[in-house]
Amino acid sequence: METLAENKCFGGVQGVYSHKSTACNCDMTFGLFLPPEARDGPVPVLWFLSGLTCTHENAMVKAGAQTWAAEQGIALVFPDTSPRGEGVANDDDYDLGQGAGFYVNATQSPWAPHFTMWDYVAMELPALLGENFAIDLDRQSITGHSMGGHGALTLAMNLPGKYRSVSAFAPICNPTATDWGRKQLSAYLGGDESKWAKHDATLMMAKSGFDGPMLIDTGTADQFMDFLRPEALSAAIAKRRQQAVIRLQPGYDHSYFFISSFIEDHVTFHAEALWT
């Protein structure tokens, strides 16, 4: 593992690191914020999964989460959104390829050799953090934005017991029900739609739900509302009687201005679960 940068931040350290990923078969970069408490021992961790076209840097720089993580004494992890580099498949469209990993384990050519973001986020990167930093892997929670919200929700519902709480900002809720979502799922996973279900938060809510608290924020002025389909997930949550807070925020769009406006709520929400 290589240290690319370490900066003092709210009494803790905001670092950026790279390493050779076995899961993705390439070098990967991630951001990690450690609060001051990490100097004295392992701290709980909140994962932030970013959206389409983002890197590890977007949320790390724009969300303002470190302020509240330092106050709550929890670490923040900002993984990249996909494998990158020479020899890694890409596409001219913004919603496939580098920057658009969708947090799946791809099975189709040309994506399968590198696009294994599910294993990377769920297994490889946590193990690396546990070996090298003061991180308590028994206390993990997860959040994300857009494509990352999709990843956070589906990882949490597919891996019971791994995350104590889950939240999302404007998540892609029901990709199997839109032509746009079906494009990515078929490209990465093939035409067998039974293999898509675990990557659809609405279908997973109907199947298993999440054994813990859930918080979802979406702006009413979100320009991608037709693709996000929050109403489908809300209906599934209501039918299952899932423990959840679902909020439509008047006038907010899909940007990091929206995220930074409500990030305190989300960090505080997760801190309550992590420190209980």
Side-chain angles (χ1 to χ4, degrees), residues 1-67 69-70 73-90 97-106 110-145 147-148 151-152 155 162 256:
M1 190 176 65
E2 180 182 358
T3 300
L4 301 182
E6 286 184 335
N7 299 96
K8 189 167 184 177
C9 181
F10 295 103
V13 176
Q14 176 62 64
V16 178
Y17 309 92
S18 69
H19 69 108
K20 177 67 176 179
S21 167
T22 301
C24 295
N25 192 28
C26 66
D27 290 337
M28 295 292 289
T29 301
F30 65 92
L32 171 65
F33 171 74
L34 291 173
E37 288 83 352
R39 292 192 290 265
D40 300 320
V43 295
V45 58
L46 174 61
W47 295 80
F48 191 108
L49 305 186
S50 291
L52 283 165
T53 76
C54 292
T55 69
H56 70 281
E57 190 174 34
N58 296 72
M60 185 181 80
V61 172
K62 296 180 179 181
Q66 294 92 337
T67 311
I74 63 177
L76 298 169
V77 186
F78 305 99
D80 203 347
T81 55
S82 78
R84 300 179 192 272
E86 186 177 353
V88 176
N90 204 5
Q98 296 185 35
F102 273 85
Y103 305 100
V104 304
N105 287 340
W111 315 109
H114 298 282
F115 282 72
T116 314
M117 290 299 295
W118 181 280
D119 284 353
Y120 179 69
V121 170
M123 293 184 287
E124 184 180 18
L125 189 52
L128 182 73
L129 295 178
E131 292 169 3
N132 291 278
F133 301 98
I135 298 294
D136 183 355
L137 294 178
D138 290 329
R139 291 182 290 170
Q140 299 184 70
S141 290
I142 192 166
T143 187
H145 172 229
M147 178 186 74
L155 281 159
K162 189 173 185 66
Y256 270 87

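What's counted below: heavy atoms across the whole structure, side chains too, no hydrogens, waters or symmetry copies.
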[X] side chain near [Y] side chain, heavy-atom distance below 4.5 Å:
X	Y	answer
Leu125	His19	yes
Phe115	Val104	no
Thr29	Asp27	no
Met28	Pro83	yes

Is a donor on one side and an acceptor on the other found under 3.5 Å between the side chain of [X] and the backbone of [Y]?
X	Y	value
Glu124	Thr22	yes
Asn105	Asp119	yes
Ser21	Cys24	yes
His114	Asn25	yes
Glu131	Leu128	no
Ser50	Thr81	no

Straight-line distance of [X] [atom1] to [Y] [atom2], nearest 0.5 Å:
X	Y	atom1	atom2	value
Leu32	Phe133	CG	CZ	5.5 Å
Leu49	Ile142	CG	CD1	4.0 Å
Cys54	Lys62	SG	NZ	7.0 Å
Gln140	Ile74	CD	CD1	12.0 Å
Asp80	Ser18	CG	OG	11.5 Å
Met117	Ser82	CE	OG	6.5 Å

[X] versus [Y], closest heavy-atom pair with distance:
X	Y	result
Val88	Cys26	CG2-CB, 4.3 Å
Pro126	Trp47	CG-CZ2, 3.5 Å
Val43	Gly73	CB-O, 3.7 Å
Ala70	Pro35	CA-CB, 4.2 Å
Gln98	Ala89	CG-O, 3.6 Å
Ala106	Trp111	CB-CB, 3.7 Å

Checking Asp136 now: which residues fulfil salt bridge (Lys or Arg N to Asp or Glu O under 4.0 Å) with it, not counting sequence neighbours?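 Residues passing salt bridge (Lys or Arg N to Asp or Glu O under 4.0 Å) with Asp136: Arg139.
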Going through the distances and angles, do Arg84 and Thr55 end up as a side chain to side chain contact (heavy atoms under 4.5 Å, CB included)? CA-CA 10 Å; Arg84 300 179 192 272; Thr55 69; 3.5 Å; yes
Using the ring of each side chain (for Trp, its six-membered ring), is Phe78 parallel, tilted or perpendicular to Phe48, with breaks at 30° and 60°?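 The rings of Phe78 and Phe48 sit tilted, inter-plane angle from 30° to 60°.
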Pick one: which of Glu6, Glu2, His56 meets side-chain hydrogen bond (donor to acceptor under 3.5 Å, both in side chains) with Tyr17?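 Among Glu6, Glu2, His56, the one meeting side-chain hydrogen bond (donor to acceptor under 3.5 Å, both in side chains) with Tyr17 is Glu6.
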